[in-house]
Q: 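This is the structure I want to talk about, given as structure tokens.
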Amino acid sequence: MRTNLYREFYKFSHKKVTWFAPLLVLFLMVAFGFATGKDQPQLLAMTCYGSSEGILLTLIIVVSSIFSMEFQNHAILTVLYKSPSKHYVYLAKLIVALGYNLILHLGAILLTFVLTLTGIAKPISWLAVYQYHQPLIINMLTTSSVDFITATLLISIIFLTSCLINSNAVVVTLNMVIIFVGNDISYNFLLQNAHLADFARWNPFNMLDLTKQYYNQAMIQATSLTTFQLIIGASTYVLAFLMTGYLVFRKKSVSKMVNQGLTCAN
């Protein structure tokens with residue numbers, strides 16, 4: 001397992017997109033700062049200058065290539081041949097993706113502290129009580145933690161779609177649609193099928209609104225779920241998508257190795 005992790009971290013760190021894609025997060029944070037910093041400086045700080053959107057986009061761009069590119073160019077065969085087990089390959093890629101997710105969120109927190117000193121937004125007090133009767137700094141750290149769950153849900157969706165589809169471009173496009181249109185699809189479906197609301201509100205698209213609902217409780221009218229219920233639902237879907245993704249990955253890997261006449265790893 002240690003060898004698999006080393007290989008995955010080595011490949012991941014030597015991709016240019018791994019280092020350049022996070023600039024999107026910085027760009028969007030600065031843009032949000034100029035757009036709302038004078039009117040809602042506390043909300044801006046709580047949401048890490050709206051970093052969630054940039055982080056999700058970055059994850060789609062970078063993480064989508066972890067599987068789909070290797071299936072697309074058949075490099076996955078070499079990876080499987082060198083590994084003692086397929087689940088080591090899958091788990092190593094997942095750890096790398098989660099590590100990248102964590103780094104992006106920690107980076108967003110650090111950038112938030114820096115941006116509050118630049119004068120983009122009005123001055124704030126980190127210890128002033130804001131939402132949930134908590135200091136603003138706690139609001140920010142909690143929002144980042146909640147957004148980590150939302151981003152992990154996206155990673156699980158990316159892993160599943162990447163194992164199902166070989167084309168990296170298609171995987172990226174599909175997940176972009178899920179992020180930007182998925183919640184609208186969910187909301188419209190709930191409106192048009194009120195008799196199914198008790199069941200339909202638990203759809204995975206709805207869970208992607210978790211971060212937005214945490215800092216904007218009015219979102220509960222759109223999701224029809226409490227924030228705690230969204231956390232439970234998102235966590236459940238993470239496990240379901242990752243397990244399904246692994247089953248698809250294992251079946252697909254066996255098929256490719258058999259076709260190439262290679263010995264299949266367990």
Side-chain angles (χ1 to χ4, degrees), residues 47 51-68 87 89-102 104-105 142-165 170-193 196-217 219-252:
T47 60
S51 62
S52 179
E53 301 291 338
I55 289 175
L56 295 181
L57 287 173
T58 300
L59 288 173
I60 290 174
I61 294 169
V62 178
V63 176
S64 293
S65 65
I66 290 181
F67 277 113
S68 55
H87 70 264
V89 175
Y90 190 86
L91 184 58
K93 291 179 182 294
L94 176 60
I95 292 174
V96 168
L98 293 177
Y100 192 60
N101 184 17
L102 179 61
L104 288 175
H105 280 88
T142 307
T143 302
S144 294
S145 299
V146 168
D147 192 59
F148 181 84
I149 298 174
T150 305
T152 301
L153 173 59
L154 176 63
I155 288 174
S156 69
I157 295 173
I158 293 173
F159 267 48
L160 176 57
T161 54
S162 294
C163 289
L164 287 169
I165 305 169
V170 174
V171 171
V172 170
T173 302
L174 176 60
N175 284 290
M176 289 284 190
V177 171
I178 289 174
I179 287 298
F180 290 110
V181 185
N183 54 356
D184 291 331
I185 294 174
S186 174
Y187 181 63
N188 290 330
F189 182 78
L190 287 173
L191 283 179
Q192 297 172 14
N193 299 274
L196 299 175
D198 287 342
F199 171 76
R201 62 181 178 163
W202 293 97
N203 74 82
F205 293 143
N206 217 14
M207 306 304 155
L208 292 170
D209 280 329
L210 170 59
T211 303
K212 292 179 182 178
Q213 181 161 308
Y214 178 74
Y215 65 77
N216 180 12
Q217 285 295 304
M219 283 293 298
I220 195 171
Q221 298 176 4
T223 65
S224 299
L225 292 171
T226 66
T227 301
F228 180 72
Q229 287 175 323
L230 287 177
I231 291 175
I232 296 300
S235 301
T236 302
Y237 276 116
V238 166
L239 294 176
F241 289 150
L242 287 177
M243 291 177 63
T244 305
Y246 173 69
L247 294 176
V248 175
F249 170 73
R250 185 176 64 178
K251 183 176 181 180
K252 197 170 182 179

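Values reported hereafter were calculated over all heavy atoms of this structure, with side chains retained and with hydrogens, waters and symmetry mates removed.
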Q: To the nearest 0.5 Å, how far apart are CD1 in Ile155 and CG in Leu56?
A: 9.5 Å
Q: Measure across Leu225 and Ile220 and return the closest heavy-atom pair with its distance rounded to 0.1 Å.
A: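 Taking Leu225 first and Ile220 second, the nearest heavy atoms are O-CG1, 3.2 Å.
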Q: Please name the pair of heavy atoms, one in Glu53 and one in Lys212, separated by the smallest distance, quoted to 0.1 Å.
A: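 Scanning both residues completely, I find the closest heavy atoms to be OE2-CE, 3.7 Å.
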Q: Looking at Ile157, Val181, Ile178, which hits side chain to side chain contact (heavy atoms under 4.5 Å, CB included) with Phe205?
A: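 Testing each of Ile157, Val181, Ile178 against Phe205, the sole residue satisfying side chain to side chain contact (heavy atoms under 4.5 Å, CB included) is Ile178.
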Q: Does a side-chain heavy-atom distance below 4.5 Å link Gln229 with Trp202?
A: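 Gln229 vs Trp202: side chains touch.
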Q: Donor-acceptor pair, distance only, cut-off 3.5 Å: does the side chain of Tyr246 make one with the backbone of Leu91?
A: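 Checking the backbone N and O of Leu91 against the side chain of Tyr246, no donor-acceptor pair under 3.5 Å is found.
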Q: What pair of heavy atoms forms the shortest contact from Leu242 to Tyr90, and how long is it?
A: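 Closest approach of Leu242 to Tyr90, heavy atoms only: O-OH, 2.8 Å.
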Q: Under 4.5 Å between any side-chain heavy atoms of Val89 and Phe249, yes or no?
A: yes
Q: Can you list every side chain to side chain donor-acceptor pair (under 3.5 Å) pair that touches residues 172-182, not counting sequence neighbours?
A: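 Side chain to side chain donor-acceptor pair (under 3.5 Å) check on residues 172-182 returns Thr161-Asn175.
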Q: Check Asp147 against Ser52 and note the closest heavy-atom contact, atom names and distance.
A: OD1-OG, 2.6 Å
Q: Using the rule given for side chain to side chain contact (heavy atoms under 4.5 Å, CB included), can you reason through Leu247 versus Met243, listing the C-alpha separation, both sets of side-chain angles and the distance that settles it, and then say yes or no?
A: CA-CA 6 Å; Leu247 294 176; Met243 291 177 63; 5.7 Å; no
Q: If I take atom CG from residue Leu210 and atom OG from residue Ser235, how far apart are they, to the nearest 0.5 angstrom?
A: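 Here the rounded value is 8.5 Å.
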Q: Go through the side-chain N and O atoms of Asp209 and Thr223 and say whether any donor and acceptor fall under 3.5 Å apart.
A: no
Q: At what distance, to the nearest 0.5 angstrom, does CE of Met207 lie from OG1 of Thr150?
A: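 Result: 11.0 Å between the selected atoms.
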Q: Would you kindly check if the NZ (Lys) or CZ (Arg) of Lys93 is within the cone defined by 45 degrees around the ring axis of Phe159 and under 6.0 Å from the six-membered ring centre?
A: no
Q: Please report the shortest heavy-atom distance between Ala97 and Ile66, naming the atom on each side.
A: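 Heavy atoms of Ala97 and Ile66 come nearest at CB-CD1, 4.2 Å.
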Q: I'd like to know if the side chain of Gln213 and the backbone of Ala222 have a donor-acceptor N/O pair within less than 3.5 Å.
A: no
Q: Give, for atom CG of Leu174 and atom OG of Ser162, the distance between the pair rounded to the nearest 0.5 Å.
A: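 That separation rounds to 9.5 Å.
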Q: Taking atom CG of Leu59 and atom CG of Leu98, what is their separation to the nearest 0.5 Å?
A: 9.5 Å
Q: Taking the inter-plane angle between the rings of His105 and Phe148 on a 0 to 90° scale, is it parallel (under 30°), tilted (30 to 60°) or perpendicular (over 60°)?
A: perpendicular
Q: Who pairs with Tyr237 by ring pair (Phe, Tyr, Trp, His ring centres under 6.0 Å), at least two apart in sequence or on another chain?
A: Phe241
Q: Would you give the length of the straight line joining atom CZ of Phe180 to atom CD1 of Ile60, rounded to the nearest 0.5 angstrom?
A: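 Taking CZ in Phe180 and CD1 in Ile60, the distance rounds to 7.0 Å.
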Q: Checking Thr47 now: which residues fulfil side chain to side chain contact (heavy atoms under 4.5 Å, CB included) with it, not counting sequence neighbours?
A: Leu43, Tyr215
Q: How close do Cys163 and Val248 get, counting heavy atoms only, and between which atoms?
A: O-CG1, 3.6 Å
